[in-house]
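Single-structure report; data block below.
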Amino acid sequence: MTTPVLYQLPPVFSLFSLSPFCAKVQLGLRLKQIPYEVKNTLFADKVNPRGKLPYLVWGDRKLEDSTAILEAIDAEGSGPKLIPSDPKLAAEADLLEDWADESLYWQGVYAKFAEEAQWKKLLPEFRAQFPAMLRPVGPLVARRQTLAKLAAQGLTRRAPALVRREFSRHLDSLEVRLDGRQWLVGDAISIADVAVTAMLWQLLPQYAPWHAAEVAARRRLTALIASVRTAANA
Ligand SMILES: N[C@@H](CCC(=O)N[C@@H](CS)C(=O)NCC(=O)O)C(=O)O
């Protein structure tokens, strides 16, 4: 089997990548025990004509979108099946994964870029990923672009207290769902656990202390993230 090459946003702090979608793909590759190479770039459009990362080059296959990449990974390699074979469980996993990617993800973006105090903690580490020439303005331009996306998505057009309340409520819902079970869907790890872990893992205490404390306060959720990371050796 050819070694896949993952193009991703660079790591920050102890994270695999600044992008939780790229971390999600790394978790998937590790769970399926597929050795891979990583190439870091801040310039997604230089790699993927549609300007998005992660992007996986695997032999003559060029794969984009973390969900499609995980589907391809799931068909190869060993390790647990990430998309359950049972259609009802597969449907549940699909809905939860998509919610993590399309809703929970934005809470993480908000935590990094919209919360002023947290952004200030992230900035030095983020800045260090840029080529020296771009360091003074690069991160600020990236932040401006990201804030425009957050406004279009809607989170920054809500009162900050409401955004935080929604985040806490979602964590409570995950915690309730995990009552009496180890995994979010059925009785085995699935793509839903991988996506939720990738989205929450990025909320490190070093730059998102409020969010990290909210996650840490949920015992079952914390155990889920630890179980996924242990299974992936991450
Ligand atoms: N649905 C995509 C989302 C990927 C995505 O939005 N990646 C971000 C990084 S976290 C990106 O490439 N942003 C660059 C841009 O939108 O210009 C996936 O699951 O891979």
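One-based numbering, in listed order, for ligands and for the atoms of each. Since the model is a prediction, treat every value here as computed from it, not as a measurement.
- For S66, a nitrogen or oxygen atom sits less than 3.5 Å from a nitrogen or oxygen atom of ligand 1, counting backbone and side chain alike.
- At the top of the distance list for atom 11 (C) of ligand 1, counting protein heavy atoms only, stands K52 CD, 3.8 Å.
- A salt bridge links R220 with D179; the closest basic N to acidic carboxylate O contact falls under 4.0 Å.
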Q: Might you work through the side-chain hydrogen bond (donor to acceptor under 3.5 Å, both in side chains) test for Q206 and E125, ending with a clear yes or no?
A: CA-CA 10 Å; Q206 288 97 319; E125 183 81 12; over 6 Å; no

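- For the residue pair G186 and R181, the shortest heavy atom distance occurs at N-NH2, 3.0 Å.
- Ligand-side atoms of ligand 1 in range of G51: 12 (O), 14 (C), 15 (C), 17 (O), range being under 4.0 angstrom from any heavy atom.
- R30 and A232 get closest at one heavy-atom pair: CB-O, 3.2 Å.
- Considering D65, L42, V25 only, the shortest heavy-atom separation from atom 2 (C) of ligand 1 involves D65.
- Where the criterion is an N or O separation shorter than 3.5 Å, residue side chain and backbone included, E102 fails it with respect to ligand 1.
- Between R164 and E214 there is no salt bridge, since no side-chain N of the basic residue sits under 4.0 Å from a carboxylate O of the acidic one.
- If you look at Y7 next to ligand 1, there are no close heavy atoms at all, none under 4.0 Å.
- Applying the 4.0 Å criterion to heavy atoms of P54 picks out, from ligand 1, the atoms 20 (O).
- Put simply, part of K149 is less than 4.0 Å from ligand 1, judged by heavy atoms.
- One finds a salt bridge joining R218 and D172 here, because a Lys/Arg side-chain nitrogen approaches an Asp/Glu carboxylate oxygen to under 4.0 Å.
- Residue nearest to atom 4 (C) of ligand 1, selected from N48, D45, L53, L56: L53 (by heavy-atom distance).
- The closest heavy-atom contact to atom 10 (S) of ligand 1, among the options A44, S17, S19, A23, comes from S19.
- Contact between R127 and P136 at its shortest, heavy atoms only, is NH2-O, 3.3 Å.
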